[in-house]
Amino acid sequence: MKLFKLAVTILAIGILFLIPTLLQGNEYYVHQVALIAIYSILLFGLDIVVGYTGEVSLAHSALFGIGAYTTAILSWRYHLPFYIGDFASIFVTAFFGLILALPALRVTGPYLAMVTLAFGTIAQILINEMDFLTNGPLGITIQQPVLFGKSLDEQHYYYVVISVFLIAMLLVGRILKSHFGRAFEALRGSPVASDCMGVSVYQYKVFAFVISAGIAGFAGSLFTFNELYIAPNTFNFDLTILFLLAIIMGGRKTRLGPVVGATIVVLLPNLLDDIGLFRDLSLVAVAGVAFYVIRHFVTGQKTLKPLIIPVVGVAVLVTSAYKLEDMTNWRITIFGSLILFVVYYLQEGIVGWIRSIIGHYKPEWVARSLIKIDANKEMAHAIEGKAVAVSDLLTANKILMQFGGLKALNEVDLSVQKGTIHGLIGPNGSGKSTMMNVLTGIYTPTSGEVNFNHQVISGQTPSEIALKGIARTFQNLQLFGEMTALENVMVGLHHTYRSNILDVMLGTPRFRKEEQLARERAASILKFVGLESFINEEARNLPYGRQRLLEIGRALGLNPALLLLDEPAAGLTPPEITDLIEIIRKIKEHGITVILIEHHMDVVMGICDNVSVLDFGQKIAEGKPQDVQSNPKVIEAYLGSQAS
């Protein structure tokens with residue numbers, strides 16, 4: 001498989017460098033291929049924000065323009081070499097990206113889109129109005145770049161762009177396959193779980209945006225010398241929409257998707273001018289839909305509904321191709337219809353659709369690479385609790401959690417002894433999950449104080465509390481569904497990395513050692529919870545009971561002193577509950593203190609050392625399980641006043 005991938009890679013690179021020869025010096029198409037490479041570089045960065053962190057940015061055409069103008073000004077006004085402008089554009093746009101991200105990423109969804117759109121509009125206005133620096137609406141014309149005293153013509157600059165494109169693809173790929181990439185992807189999967197795994201949502205969103213901005217600026221710098229003329233209206237809102245469409249059509253979370261998307265948005269509008277070529281493309285579309293229809297029936301699907309839109313769509317396309325004599329008046333309409341079809345019907349993009357087909361047939365040459373590690377290797381420190389020097393590991397003093405006029409917790413005290421399993425029970429709505437959220441920093445108590453290992457933690461962020469040694473699971477599963485079981489646990493191990501972004505890009509020995517160690521520890525944890533056979537399976541594809549165990553395994557990756565389990569037995573079958581009880585006991589044996597919220601009383605009474613009972617936000621009982629079980633207040637809370 002490795003040899004096949006290497007051969008395909010070498011062939012693709014060879015074709016890229018032979019394009020000027022293959023096109024027989026046709027400068028127009030050489031220029032277009034270079035533009036595709038430049039747009040692809042920008043889309044590599046945009047995909048970090050859109051595809052991985054799940055945010056929508058409408059500022060990337062402006063960042064692209066800032067990078068382009070940085071290089072143009074340095075070349076036009078100060079006559080600096082083009083490569084200095086290239087590097088300067090990275091840092092200048094990264095700075096502007098930081099200035100934008102710090103306030104903008106405190107909001108999400110449409111609000112973030114509006115903030116980034118406003119930034120893009122302001123940037124274009126400033127570029128247009130700052131005549132003293134940018135030459136205003138007249139734009140800037142620059143000379144061909146010079147390298148080693150030689151002026152680079154269209155063909156020579158093409159080789160520079162392709163070389164940089166390949167390097168960018170390699171470096172971005174390394175970042176996104178590292179612990180940084182897993183952190184970015186976790187933000188999209190579950191921001192709450194990311195924070196509780198020690199991965200600060202806000203911090204890593206800002207980090208992702210700054211990296212993306214720097215890449216956009218670098219692409220803008222390359223664009224300047226590819227065009228040799230730039231003006232403010234080049235970097236308008238239409239370009240932003242074009243970039244987003246390219247990501248959506250090509251497919252997110254892949255290096256090939258941006259290349260496919262860039263190719264479509266650059267070449268297709270121009271190709272549609274040629275009626276003969278349009279007819280050829282319509283026949284290719286027919287072949288693609290025919291393959292889709294065959295696959296639909298081969299996979300055993302009998303319903304015809306999914307076939308209606310693609311079959312009707314390709315029929316209209318072919319009819320239009322052979323009925324129209326001229327494309328001039330229909331070019332934009334057809335282009336828009338094709339975009340609408342891809343966006344609506346291929347929601348994972350073209351590359352994602354191809355992957356789904358390949359994934360179904362699972363040919364050997366594209367199967368997911370197995371992690372070549374010994375999953376049975378015992379690593380005791382992978383699941384040992386953090387050392388603590390106190391007997392009262394966690395204390396909560398008079399915790400009041402008020403939402404308007406509702407007191408979800410009313411001056412509740414809680415004391416958890418080191419090395420115990422402490423049950424927290426009560427009827428629905430009694431305040432158990434609210435207490436869990438207070439202990440892990442998701443809620444800041446209205447009053448009262450939480451102490452962990454003799455340190456006040458109330459008021460700190462969830463990520464800060466997690467890194468102090470408190471891990472948790474959730475009542476409603478919060479897994480990173482598109483990540484494998486191994487990758488989910490490796491997010492929990494994020495705190496073990498000391499490698500910086502430069503280590504990752506250069507693949508230094510320090511990073512490689514940390515990555516291998518993290519993989520081994522993650523495999524060991526998966527074996528500990530009985531999931532070693534699911535190491536490469538996406539979390540969303542696991543059975544429900546296995547997902548519960550995976551969430552526990554991910555929490556163990558934090559190497560916690562205290563583990564909070566929020567209804568881990570909910571929805572499990574009796575055999576799965578038996579396995580869960582055994583795992584919780586093993587966790588205790590490894591020195592990890594456990595707080596257990598659970599409605600299965602047999603589980604609570606069977607494994608807990610102490611139990612606290614809440615009812616209507618107040619603690620009504622506390623003690624040994626057998627004592628709590630016979631407490632009249634507890635019986636009344638569960639069964640009602642008539643129970644006595």
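Count residues from 1 along the sequence.
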Checklist entry - CZ of Phe218 to CD1 of Ile38: how many Å apart, nearest 0.5 Å? => result 10.0 Å
Checklist entry - Side-chain donor-acceptor pair under 3.5 Å between Ser61 and Thr240, yes or no? => result yes
Checklist entry - Any donor-acceptor pair under 3.5 Å linking the side chain of Arg188 with the backbone of Tyr52? => result no
Item to check | Stepwise side chain to side chain donor-acceptor pair (under 3.5 Å) test for Gln144 and His156 | outcome: CA-CA 10 Å; Gln144 290 178 329; His156 289 107; over 6 Å; no
Checklist outcome for this item: When every non-hydrogen atom of Pro258 is compared with those of Ser40, the smallest separation belongs to O-OG, 3.8 Å
Next on the checklist: Please report the interatomic distance CZ(Phe184) to NE2(His179), rounded to the nearest 0.5 Å.
Outcome noted: 9.5 Å
Item to check | Ala523 versus Ile535, closest heavy-atom pair with distance | outcome: CB-CD1, 4.2 Å
Next on the checklist: Tell me if a side-chain donor or acceptor on Ser212 pairs with a main-chain N or O of Gly45 at a distance below 3.5 Å.
Outcome noted: yes
Checklist entry - If we only count heavy atoms from C-beta on, is the Leu307 to Leu304 side-chain gap below 4.5 Å? => result yes
Next on the checklist: If you compare all heavy atoms of Ala262 against all heavy atoms of Tyr39, which two are closest, and at what distance to 0.1 Å?
Outcome noted: CB-CB, 3.9 Å
Checklist entry - Checking side chain to side chain contact (heavy atoms under 4.5 Å, CB included) for the pair Thr224/Phe82: CA distance, chi angles, key distance, verdict? => result CA-CA 10 Å; Thr224 297; Phe82 78 96; over 6 Å; no
Next on the checklist: Angle between ring planes, Tyr159 versus Phe17, binned at 30° and 60°: parallel, tilted or perpendicular?
Outcome noted: parallel
Item to check | Phe119/His60 aromatic ring centres below 6.0 Å | outcome: no
Item to check | Any side-chain heavy-atom pair of Val50 and Glu55 under 4.5 Å | outcome: no
Next on the checklist: Using 0.5 Å steps for rounding, measure from the CD1 atom of Ile167 to the CD1 atom of Ile162.
Outcome noted: 11.5 Å
Checklist entry - Should His494 and Tyr204 count as side-chain neighbours, where that means a heavy-atom distance under 4.5 Å? => result yes
Item to check | Flag if over 12 foreign heavy atoms under 6.0 Å of OH, Tyr29 | outcome: no
Checklist entry - Which residues pass the ring pair (Phe, Tyr, Trp, His ring centres under 6.0 Å) test with Phe64, sequence neighbours left out? => result Phe223, Phe235, Phe243
Checklist entry - Between Arg182 and Val491, is there a donor-acceptor pair closer than 3.5 Å when you use the side chain of the first and the backbone of the second? => result no
Item to check | Residue pair Arg540 / Leu479, side-chain heavy-atom distance below 4.5 Å | outcome: no
Next on the checklist: Looking at Tyr157 and Leu222, would you say the former's side chain and the latter's main chain have a donor-acceptor pair under 3.5 Å?
Outcome noted: yes
Next on the checklist: side chain to side chain contact (heavy atoms under 4.5 Å, CB included) for Ile90 and Asp86? Distances and angles first, verdict last.
Outcome noted: CA-CA 7 Å; Ile90 297 174; Asp86 288 343; over 6 Å; no
Next on the checklist: I want to check something: taking the side chain as every heavy atom from C-beta on, are Arg255 and Met169 in contact at a cut-off of under 4.5 Å?
Outcome noted: yes
Next on the checklist: Using modelled atom types and a 3.5 Å cut-off, is there a donor and acceptor pairing between side-chain atoms of Thr116 and backbone atoms of Ser57?
Outcome noted: no
Next on the checklist: Treating Ser221 as the side-chain partner and Gly217 as the backbone partner, does any N or O pair qualify as donor plus acceptor under 3.5 Å?
Outcome noted: no
Next on the checklist: Quick test of your reading of the model: are Glu482 and Lys253 salt-bridged, counting only N-O distances below 4.0 Å?
Outcome noted: yes
Next on the checklist: Do Pro232 and Tyr69 make a side-chain contact, defined as non-hydrogen atoms from C-beta onward lying under 4.5 Å apart?
Outcome noted: yes
Item to check | ring-ring contact (aromatic ring centres under 6.0 Å, His included) between Phe207 and Phe180, intermediate numbers included | outcome: CA-CA 9 Å; Phe207 187 35; Phe180 293 115; 5.4 Å; yes
Next on the checklist: Can a donor-acceptor pair be found, under 3.5 Å and without considering hydrogens, that links the side chain of Asp47 to the backbone of Arg252?
Outcome noted: no
Checklist entry - Does CZ belonging to Phe96 count more than 12 external heavy atoms closer than 6.0 Å? => result no
Next on the checklist: Show the nearest heavy-atom pair for residues Val201 and Asp195, with the distance to one decimal.
Outcome noted: N-OD1, 3.2 Å
Next on the checklist: Are there over 12 heavy-atom neighbours, none belonging to Phe297, within less than 6.0 Å of that residue's CZ?
Outcome noted: yes
Checklist entry - Where do Ser89 and Thr71 come nearest, in terms of heavy atoms and distance? => result CB-OG1, 4.0 Å
Checklist entry - Given Leu63 and Ile215, is the side chain to side chain contact (heavy atoms under 4.5 Å, CB included) satisfied, shown in steps? => result CA-CA 9 Å; Leu63 295 168; Ile215 295 172; over 6 Å; no
Checklist entry - Does any non-hydrogen side-chain atom of Gln124 lie less than 4.5 Å from one of Phe237? => result no
Checklist entry - CG/Asn541 to CD/Gln547 distance, rounded to the nearest 0.5 angstrom? => result 8.5 Å
Checklist entry - So, are Arg554 and Glu551 salt-bridged, with charged N and O less than 4.0 Å apart? => result yes
Next on the checklist: I need the Ser190 OG to Met197 CE distance, nearest 0.5 Å.
Outcome noted: 9.5 Å
Checklist entry - Hey, does the side chain of Ser194 reach the backbone of Ala186 with a donor-acceptor pair shorter than 3.5 angstrom? => result yes
Item to check | pair Met490-Tyr497: side-chain heavy atoms closer than 4.5 Å | outcome: yes
Next on the checklist: If we ignore hydrogens and angles and just use 3.5 Å, is the side chain of Thr484 paired with the main-chain N or O of Glu538 as donor and acceptor?
Outcome noted: no
Next on the checklist: What verdict does the side chain to side chain contact (heavy atoms under 4.5 Å, CB included) test give for Leu16 and Phe165, after you've listed the backbone C-alpha separation in whole Å, the side-chain angles of each residue and the deciding distance to 0.1 Å?
Outcome noted: CA-CA 11 Å; Leu16 280 176; Phe165 160 76; 4.1 Å; yes
Checklist entry - So which heavy atom on Ala104 is nearest to which on Leu112, and how close? => result O-CD1, 3.4 Å
Checklist entry - Just how far is it from atom CG of Leu267 to atom CD1 of Ile36, taken to the nearest 0.5 Å? => result 4.0 Å
Item to check | Salt bridge flag under 4.0 Å for residues Glu532 and Arg546 | outcome: no
